[in-house]
Amino acid sequence: MKMGSNLRFLSLCLLALIASTHAQLQLGFYAQSCPKAEKIILKFVHEHIHNAPSLAAALIRMHFHDCFVRGCDGSVLLNSTTNQAEKNAPPNLTVRGFDFIDRIKSLVEAECPGVVSCADILTLAARDTIVATGGPYWKVPTGRRDGVISNLVEARNNIPAPFDNITTLQTLFANQGLDLKDLVLLSGAHAIGIAHCSSLSNRLFNFTGKGDQDPSLDSEYAANLKAFKCKDLSKLNTTKIEMDP
Ligand code: HEM
Ligand SMILES: *[C@@H]1O[C@H](CO)[C@@H](O)[C@H](O)[C@H]1NC(C)=O
Ligand SMILES: *[C@@H]1O[C@H](CO)[C@@H](O)[C@H](O)[C@H]1NC(C)=O
Ligand SMILES: *[C@@H]1O[C@H](CO)[C@@H](O)[C@H](O)[C@H]1NC(C)=O
Ligand SMILES: *[C@@H]1O[C@H](CO)[C@@H](O)[C@H](O)[C@H]1NC(C)=O
Ligand SMILES: CC(=O)N[C@H]1CO[C@H](CO)[C@@H](O)[C@@H]1O
C-alpha cells in the first residue's frame, strides 16, 4: 500500500518534471514574479552599450552557443569546476561578454532573488543590445530554466565549426530542430561582429593541405585578406577582421 503511494508520488514528480522542462515559453513570464526584470535589463543595456557597441554581436553569438548545447539554459555562462565547461570549448574561446551578463544578473537578483533565469537574461540582453545598436526588434518569450550542466565535449560536438561543410551544418541545425531556412536566416547574424583570421586561414592558405585556397571563397576578398589583414601568419589568432567589411 505504502509502496503504491510512493510510486504514485514518484510518477507525479516525473510528470511535473517533464511538464516543467517542456514548459511553454510565454511573453512576460515574469510579469507577476518580477515585473521590473525586463526593464532592468533594458536600462542596463542602454546605459552601457555605448561603451562597448561590439557587445551586440558578442551576445547574440553567446545566445546561439548557449542554445546549441542542451537548449537555451544559460549553461554557456557556467565556469569550469572539476569538469571543463562549455566556456572552455574551442568555439567559446572567442565568445565575449560574460561580465556584462553577470552584472545584469546581479541587478536582477537584487530586485527579485532567485526568480529570473540567466538563460532569459542572456536572451533578452542579446535582443536589447541588437536593437540598441540599430538592429531589428523581435519579441522574446521568457520562462527558460537554467541548467546546471556545462560540458566542453558537448559544446564541441554541437556548435558548428567554421570549416564544417553545408551537410554537417544542416545536421547540426537539424539536431536542434532547425531547418535549412533557419540556418540561412540565422547566419544573417554574421552581418555584424568580427572574426579572427585563424577562423578562416585554412581557406586562405591551406584548404586541402596543399597550400591552396578554398575555390568557393570570393577570390577578390581572399586575395585582399591574404595581402593585408591576415598576412601575418604568426598573428592569425589575434588579428580581427570585420564579418561584413
Ligand atoms: C551556421 C553556422 C555558424 C558557424 C559555422 C559560425 C561560425 C562563426 C565563427 C567562426 C565566428 C568567428 C569567431 C572568431 O573568429 O572570433 C563567428 C562569429 C559570430 N557568429 Fe557565428 N557561426 C554560425 C552561426 C551563427 C548564428 C546562428 C549566429 C547568431 C544568430 C551567429 C552569430 C555570430 C556573431 C554575431 C559573430 C561575431 C561575434 C563577435 O563579434 O564577437 N553565428 N561565427
Ligand atoms: C565565473 O568566474 C568569473 C571570474 O572568476 C566570475 O566573475 C563569474 O562570476 C563566474 N561566473 C559564474 C556563473 O559563476
Ligand atoms: C562533409 O563533412 C563530413 C564530416 O567531415 C564528411 O563526412 C562529408 O563527406 C562531407 N560532405 C560533403 C558533401 O563534402
Ligand atoms: C598544410 O596542411 C598540411 C596537411 O594538413 C600540413 O601538413 C602542413 O603543415 C600545412 N601547412 C601549413 C603552412 O600550415
Ligand atoms: C593559435 O591557437 C590555436 C588554438 O588555440 C593553437 O593551437 C595555436 O598554437 C595558436 N597559434 C599561435 C601562433 O599562437
Ligand atoms: C571569454 C572567455 O575567454 N572565456 C573563457 C574561454 O576559455 C578560456 C580558456 O580556457 C578561459 O580562460 C576564458 O575565461
Side-chain angles (χ1 to χ4, degrees), residues 49 52-69 71-72 76 84 86-101 119 122-138 140 152 155-214 216-217 225-226 229-245:
I49 193 68
S54 76
L55 274 177
L59 294 184
I60 193 79
R61 183 171 183 234
M62 191 192 291
H63 177 36
F64 157 55
H65 284 201
D66 185 31
C67 294
F68 264 53
V69 189
C72 314
V76 69
Q84 286 275 303
E86 285 167 39
K87 240 183 206 181
N88 296 102
N92 263 349
L93 297 179
T94 50
V95 172
R96 318 172 277 129
F98 292 110
D99 291 356
F100 196 80
I101 298 300
L122 172 56
T123 310
L124 289 160
R127 191 268 316 274
D128 290 346
T129 51
I130 294 283
V131 174
T133 51
Y137 177 90
W138 65 95
V140 171
L152 175 141
R156 194 179 280 157
N157 291 343
N158 288 289
I159 298 173
F163 46 80
D164 283 341
N165 60 33
I166 186 67
T167 316
T168 302
L169 291 179
Q170 272 187 266
T171 303
L172 292 174
F173 273 66
N175 290 346
Q176 307 295 333
L178 298 169
D179 65 14
L180 181 60
K181 187 174 174 188
D182 298 317
L183 166 56
V184 172
L185 293 176
L186 287 168
S187 297
H190 289 158
I192 55 168
I194 53 103
H196 292 80
C197 286
S198 49
S199 293
L200 63 146
S201 52
N202 73 313
R203 300 180 68 190
L204 295 175
F205 302 110
N206 208 5
F207 188 55
T208 62
K210 295 182 196 139
D212 53 341
Q213 184 177 310
D214 178 354
S216 73
L217 198 56
L225 290 174
K226 281 158 89 168
K229 281 270 167 91
C230 300
K231 189 172 185 219
D232 188 342
L233 299 185
S234 67
K235 297 201 177 103
L236 294 175
N237 282 352
T238 47
T239 310
K240 294 170 184 164
I241 52 178
E242 304 89 343
M243 276 288 191
D244 182 358

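Values reported hereafter were calculated over all heavy atoms of this structure, with side chains retained and with hydrogens, waters and symmetry mates removed. Remember, it's 1-based here, ligands and their atoms both numbered in the order they're listed. No experiment lies behind these values; they were computed from the predicted model shown.
Around ligand 4, the residues contributing at least one heavy atom under 4.0 Å from the ligand are Asn206, Gly209.
When all heavy atoms are compared, the tightest approach of Ala56 to Ile192 is C-CD1, 4.2 Å. The minimum heavy-atom distance between Leu183 and Gln170, with the atom names listed, is CD2-CG, 3.9 Å. The minimum heavy-atom distance between Leu172 and Phe68, with the atom names listed, is O-CE2, 3.8 Å. The two residues Gly177 and Asp182 make their nearest non-hydrogen contact at O-OD2, 4.4 Å. Annotation for Cys230 and Phe205: closest pair O-CZ, 3.4 Å, computed over non-hydrogen atoms. Minimum heavy-atom separation, Ala119 to Cys72: CB-O, 3.3 Å.
For the ligand labelled ligand 1, residue Ala56 lies outside the 4.0 Å heavy-atom shell.
Note that the CD1 atom of Ile49 and the CG atom of Leu55 stand 5.5 Å from one another [nearest 0.5 Å]. Taken to the nearest 0.5 Å, the CG atom of Leu204 stands 7.5 Å off from the SG atom of Cys197. The structure places CG of Asp232 at 8.0 Å from OG1 of Thr238, a figure rounded to the nearest 0.5 Å. Taking CG of Leu236 as the reference point, atom CG of Asn202 lies at 10.5 Å (rounded to 0.5 Å). Atom CZ of Arg96 sits about 5.0 Å away from atom CD1 of Ile194, to the nearest 0.5 Å.
One option in Met243, His65, Arg61, His190 has a heavy atom closer to atom 42 (N) of ligand 1 than any other, and that option is His190.
At a 3.5 angstrom cut-off on N or O pairs, His196 counts as close to ligand 1. Residue-to-ligand polar distances keep Ser234 apart from ligand 5: every N/O pair is separated by 3.5 Å or more. Looking at Ser187 next to ligand 1, no N or O pair under 3.5 Å apart turns up.
Every atom of ligand 1 is numbered from 1 in the order shown, and the set under 4.0 Å from a heavy atom of Ala161 is 5 (C). Close approach of ligand 1 to Pro162 is summarised as follows: ligand atoms under 4.0 Å from at least one heavy atom of the residue are 10 (C). Every atom of ligand 5 with a heavy atom of Asn237 under 4.0 Å away is listed here by number and element: 1 (C), 2 (O), 3 (C), 8 (C), 10 (C), 11 (N), 12 (C), 14 (O). Close approach of ligand 1 to Ala189 (heavy-atom distance below 4.0 Å) involves ligand atoms 28 (C), 29 (C), 30 (C), 31 (C), 32 (C), 35 (C). The Gly193 neighbourhood of ligand 1 comprises atoms 37 (C), 40 (O), with distances under 4.0 Å to a heavy atom of that residue. Contact atoms of ligand 1 toward Arg96: 39 (C), 40 (O), 41 (O) (distance under 4.0 Å to a heavy atom of the residue). Close approach to Ile60 involves these atoms of ligand 1, each under 4.0 Å from a residue heavy atom: 35 (C). Ligand-side atoms of ligand 1 in range of Phe173: 1 (C), 2 (C), range being under 4.0 angstrom from any heavy atom.
Residues passing the salt bridge (Lys or Arg N to Asp or Glu O under 4.0 Å) test with Lys240: none are found, sequence neighbours excluded.
In Ser199, the part holding a heavy atom less than 4.0 Å from any atom of ligand 1 is the side chain. Within the 4.0 Å heavy-atom criterion, the part of Leu183 lying near ligand 1 is the side chain and not the backbone.
Exactly one residue among Asp164, Val69, Val76 makes a side chain to side chain contact (heavy atoms under 4.5 Å, CB included) with Ile159. That residue is Val69.
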